[in-house]
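Whatever order the structure lists ligands and atoms in, that order sets their numbers, starting from 1. Atom set for the values below is all heavy atoms of this structure, side chains included, hydrogens, waters and symmetry mates excluded.
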Amino acid sequence: MATVTPSSPGRNPDARFRILPELAHGARLSVITVAVLALFSTGATLALPMVAARLITALQSGEAGTWGLVLILIGLAATLAGALSAYLLARTAQNMLLRLRRRTIEHTLAAEVRDTQRLGAGDLSTRLTADAMNVKRAIDVGPLQLPLAVLVLLGTIVIMALLDWVLLLITIASVGLAFAGVGLLVMALKRRYLHLQGVIGGLAEKFVGALDALPVVKAYRAEPAVLRDLSDDVEEVRRVEVSVARYESLLGPVLNLGQQIALVSVLIGGGVRLVDGSLTLAEFVAFLMYLLQLAAPLMTAVGGIATLQQGLAARDRFNEVFALPAEDRPHPTRPTVAAPVPSPSPAAVRLRDVEFAYDTDPVLRGVDLQVPERGLTSLVGLSGAGKSTVLGLVEGFLTADQGQVQVLGRDRADWSLADLRSRIGYVDQRFTLLRGTIRSNLTLGLPADSTGPADTALFDVLDRVDLGDVVRALPDGLDAVIGAGSDLSGGQRQRLALARMLLHQPDLVLLDEPTSQLDSITEARLRSTVRDLAADRAVLVVAHRMSTVREADHVIVLDEGRVVAQGTHDDLVRDCAPYAALVNGQLLLDRDAPLALA
Ligand SMILES: Nc1ncnc2c1ncn2[C@@H]1O[C@H](COP(=O)(O)OP(=O)(O)OP(=O)(O)O)[C@@H](O)[C@H]1O
């Protein structure tokens, strides 16, 4: 089983991500080598026109051989150094992206379920793909191409000043206006890039949601409606992209125009100065070469700034993920307790005056309830009463806004979430399985360094949920892959989720409607398995079936976020009007027996 190792050991996982320090982290030698090679390549490029001028002068005196050789050598060396520095930079960037992606996955897994659901699976996944690519492109230009382009620009300008400062002034005056225009364009682009990445994330989020619900979409012939909805988002992406393209397409021509004007001005001015003897032919040729050479670094600088803006916008989206609080963050006042020991308290779960709201509307209002340390407890109530929310508080997916949540004799906040969850067996409403083999699903969460439980132990729990023979009949047995094309049935998936819980031998079991997809024979066997489990531990079941409720030793009735009664089924039918109404009104489903009072 793969383990997740911290991406940056010893570093603050909450620290904001900054591209340059992250790039240099652990790669100083590479970064220095890249810088040296790039500087050499730049210096050589800058020197080339001067050598060319020397070659022209030497040609006039008939001694061109040496300068010709120097020109070729410098050209070759500049090319090699440039290529090597680009490769080294790309390799360093990929190492940084590896850490960035790993940290994003790590942080997303550590965040609260509510936060990750709010951001959405699709939008979060675009950070690993499109946003990471934007950061990579920014690295391609940011730390090297852009500074070097600026260096070449400055170096060229200095040399041009030395050659003829009057011609330089003419050049600067000609391109100055173009520069101001480019600055305005770049500022407008930054805002649009951020918006663009947001709408692309939103589109991915919606598309993933639609694919997730595809069977339902098809069953309701809702493809046209979904297409319309997604088309609106695609149209929005197009609109923003076009707006970006409008500004990007202006960059090149504005710069070109500046350069053309500069060229014409320099030709005229240079011609005059050549005629009056202020400038030699070799100097004029060199000046013109430098002027033409200005175009490449200028374009690099301008394009680079735009790419950099895109990368910075992507960086901000990564920082949005890194800013999500980890769910297991230390309590501000209480010290963390290393090894919680269950107290002799008779309750496996106790909620006292618990208030909770997802947004502003209260979902739980002063909930007081107690789950005995042994036996089967059913939590019942109308849909939306807050039953799953109670399980979420016990599992630590949610944190109470007010009141006290005690689990296995200890305040919830005193448990580390890993310790707490290792003691709880949880089967969610959707019986979620991960893509992978039956074995990897069964052993999910077991220590990664062990060789894993023996097959006999795995078949033992599978037999307890009547799934052993089904798995034995599969060609790959325990190593059959589920979640792809060939799949288990809904009920079989449900039983596998239950077997996973059994394997973990938890002290407290939380089941969210565990029998909704089982045939009556399997359901009866399962009830007996749950009963066996409840003999020496607490089992808390969110139940919608009379059969489950009748089995329960203790029933808790939840109504609109309040506990209205607790007791045995018989007592509650007799004494609790809302419970009796729930039962009489057939609000608890009972497949195998007509609804009847005890
Ligand atoms: N992630 C969420 N964000 C906002 N509101 C939520 C969220 N999950 C649940 N709710 C709301 O909280 C209330 C209680 O939901 P909960 O799922 O706990 O009810 P329940 O009793 O388990 O319902 P059911 O029996 O239908 O599963 C409902 O009004 C629901 O709309």
Side-chain angles (χ1 to χ4, degrees), residues 108-109 111-124 205-206 208-209 212-213 216 324-325 327 349 351 353-369 371 376-403 405 407 412 424 426-432 490 494 497-498 508-518 539-549 552 554-566 572 576 578-579 581-583 585-591 595:
T108 309
L109 292 177
E112 291 189 16
V113 176
R114 236 188 326 166
D115 283 336
T116 51
Q117 283 173 346
R118 178 175 52 78
L119 286 177
D123 189 74
L124 278 167
E205 168 61 14
K206 260 197 191 162
V208 167
D212 220 21
V216 174
L324 294 179
E327 60 175 356
V349 175
L351 268 60
D353 200 22
V354 167
E355 306 270 338
F356 178 81
Y358 285 97
D359 303 307
T360 47
D361 294 338
V363 169
L364 299 183
R365 310 150 194 254
V367 165
D368 279 299
L369 63 81
V371 177
L376 180 61
T377 300
S378 282
L379 190 56
V380 298
L382 288 179
S383 176
K387 304 181 292 294
S388 301
T389 305
V390 168
L391 294 197
L393 288 172
V394 176
E395 260 284 350
F397 298 143
L398 308 168
T399 305
D401 298 328
Q402 215 178 291
V405 178
V407 187
R412 208 318 257 126
I424 299 178
Y426 175 68
V427 183
D428 69 320
Q429 226 166 15
R430 295 173 62 188
F431 307 99
T432 308
Q494 187 170 2
L498 287 165
L508 165 66
V509 176
L510 305 178
L511 303 183
D512 207 345
E513 303 180 31
T515 58
S516 60
Q517 289 183 42
L518 302 179
V539 179
L540 174 60
V541 187
V542 167
H544 282 177
R545 293 179 182 283
M546 274 301 297
S547 47
T548 316
V549 176
H554 187 66
V555 179
I556 300 169
V557 187
L558 209 57
D559 187 27
E560 293 188 359
R562 287 195 177 84
V563 173
V564 291
Q566 303 189 47
L572 289 175
C576 175
Y579 184 71
L582 205 63
V583 174
Q586 307 201 1
L587 292 165
L588 294 171
L589 300 176
D590 191 10
R591 184 174 43 210
L595 277 172

Among Leu572, Val371, Val367, find the residue that satisfies the side chain to side chain contact (heavy atoms under 4.5 Å, CB included) test when tested with Ile556.
Val371

Any atom of ligand 1 sitting under 4.0 Å from a heavy atom of Gly386?
yes

Is the shortest heavy-atom distance from the side chain of Tyr579 to the side chain of Val549 under 4.5 Å?
yes

Answer yes or no: does an N/O atom from Val363 fall short of 3.5 Å to an N/O atom of ligand 1?
no

Looking at OH of Tyr358 and CG of Leu364, how far apart are the two atoms once the value is rounded to the nearest 0.5 Å?
7.5 Å

From the list Val563, Thr377, Val354, side chain to side chain contact (heavy atoms under 4.5 Å, CB included) with Leu369 holds only for Val563

Do Arg114 and Leu398 have side chains that approach each other closer than 4.5 Å (heavy atoms only, starting at C-beta)?
yes

Contact check: Ser388 vs ligand 1, nitrogen or oxygen atoms, below 3.5 angstrom
yes

Asp512: heavy atom below 4.0 Å from ligand 1, yes or no?
no

Using a 4.0 Å cut-off to any heavy atom of Thr389, which atoms of ligand 1 qualify?
14 (C), 15 (O), 16 (P), 18 (O)

Does this structure show an ion pair linking Asp115 with Arg118, if we count only N-O contacts that are shorter than 4.0 Å?
yes

Distance filter under 4.0 Å to Leu382 heavy atoms, resulting ligand 1 atoms
21 (O)

Is Arg114 close to ligand 1, meaning an N/O of one under 3.5 Å from an N/O of the other?
no

